[in-house]
Amino acid sequence: MTDSFVPAERARLALPRRGLMLIMSSPSGAGKTTISRKLLEAEGASLAMSVSVTTRPIRPTEVDGRDYHFTDVPAFRRMVDEGAFLEWAEVFGNLYGTPRAQVSAGLAAGQDYLFDVDWQGAQQLAQAAGSDVVTVFLLPPSVAELESRLRGRGTDSEEVVRGRMDRARAEMSHWSEYDYVVVNDVIEDCFAKVQTILAAERLKRTRQTGLVDFTRGLMA
Ligand SMILES: Nc1nc2c(ncn2[C@@H]2O[C@H](COP(=O)(O)OP(=O)(O)O)[C@@H](O)[C@H]2O)c(=O)[nH]1
Ligand SMILES: Nc1ncnc2c1ncn2[C@@H]1O[C@H](COP(=O)(O)OP(=O)(O)O)[C@@H](O)[C@H]1O
């Protein structure tokens, strides 16, 4: 018997880890939906999108429980009173909230969550969840490119595009409140940078809850 090992036969070491909350914001049209989708696809089950509760009417393309948990105002208010939300807000006359229970249990079990929220939601989540939160802000490479992406998406009328462009400047002024800022120029480059951020944050000592026992074992 030798003490050498065959790498392929060696069990992978996976230390228990606390999950994180990756919050991605950007001015509308800078690419947060595109980057979020790519990230969810690449990461599989290890990264889940948090599904919000809303009182907004369901749209024909939406699925209850996938896009949102749809509910009515009295039920939403009851959830607010019960402290069921990590944060909630009224947007365009409808109520939206991030349910606390699913995220709290998931984080303890090592599940990471992705949030696609604006700067106000990011601030509220950071306040509610502290060191579990990692915030990323995406910027467009130029104002002209932002406008061209909004038009190219083809989902909004001319008036809506102009409204979104007006709001973009105000949204961009919040860049310095984020942990990371990435310019979304070439999509694959931006995606690689966001994936690197996620990989590094997962390795943070404070998230690796299994290190205490592991190092104790090494030093025993
Ligand atoms: N604070 C907060 N905002 C949310 C939540 N879920 C969605 N929103 C925001 O509500 C706004 C409207 O979303 P939605 O009804 O899906 O309309 P859309 O922007 O046309 O897709 C967006 O700005 C979302 O970022 C949530 O759980 N909390
Ligand atoms: N790096 C990029 N280069 C070119 N087009 C992009 C890039 N990132 C996103 N887009 C396109 O720009 C449009 C807006 O992106 P989207 O992800 O919907 O933005 P947001 O969710 O921030 O509003 C979409 O049509 C998308 O395909």
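Just follow the structure's listing: the first ligand is 1, and inside any ligand the first atom is 1.
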Do any heavy atoms of Tyr68 fall under 4.0 Å from ligand 1? yes
Could you tell me whether the side chain of Thr55 and the main chain of Leu95 form a donor-acceptor pair under 3.5 Å? yes
Would Asp185 count as a contact of ligand 2 if the rule is a heavy atom under 4.0 Å away? yes
Arg59 near ligand 1, heavy-atom distance under 4.0 Å? yes
Identify the protein heavy atom lying closest to atom 4 (C) of ligand 1, giving its residue, its atom name and the separation to 0.1 Å. Tyr96 CB, 3.7 Å
Determine if the distance from atom 22 (C) of ligand 1 to the closest protein heavy atom is below 4.0 Å. no
Has Ser36 got any heavy atom lying under 4.0 angstrom from an atom of ligand 2? no
Options Met24, Arg153, Lys32, ranked by nearest heavy atom to atom 22 (O) of ligand 2, top entry: Lys32
Within the structure, does Arg56 bring an N/O atom to less than 3.5 angstrom of an N/O atom in ligand 1? yes
State, without any angle test, whether Ser25 and Tyr178 hold a side-chain donor-acceptor pair at a distance under 3.5 Å. yes
Quick check: does Gly29 get an N/O under 3.5 Å from an N/O on ligand 2? yes
Answer yes or no: are there more than 12 heavy-atom neighbours, outside Arg153 itself, under 6.0 Å from its atom CZ? yes
Less than 3.5 Å between some nitrogen or oxygen of Glu145 and one of ligand 2, yes or no? no
Considering heavy atoms of the protein only, find what lies nearest to atom 5 (N) of ligand 2 and give residue, atom and distance to 0.1 Å. Arg149 NE, 3.6 Å
Contact region, Pro27 to ligand 2, non-hydrogen atoms below 4.0 Å, reads backbone
Of all protein heavy atoms, the one nearest atom 21 (O) of ligand 2 is Thr33 OG1, 2.4 Å
Does atom 15 (O) of ligand 1 have any protein heavy atom closer than 4.0 Å? yes
Ligand-side contact atoms (ligand 2) for residue partner Ser28, heavy atom cut-off under 4.0 Å: 23 (O)
More than 12 heavy atoms of other residues, nucleotides or ligands under 6.0 Å from CZ of Arg169: is that the case? no
Contact (N/O only, under 3.5 Å) between Ser52 and ligand 1: yes
Would Ser26 count as a contact residue for ligand 2, given that I'm defining contact as a non-hydrogen atom of the residue lying under 4.0 Å from a ligand atom? yes
Would Val186 count as a polar contact of ligand 2, with the cut-off being nitrogen or oxygen pairs under 3.5 Å? no
With no hydrogens and no angle check, is any side-chain donor or acceptor of Asp185 less than 3.5 Å from a backbone partner on Pro141? no
Membership question, hydrophobic clusters at under 4.5 Å side-chain separation (ILVMFWY): are Val182 and Phe191 in the same one? yes
Do Val53 and Tyr96 sit in one hydrophobic cluster, given that two such residues count as connected whenever their side-chain heavy atoms are within less than 4.5 Å of each other, even indirectly? no
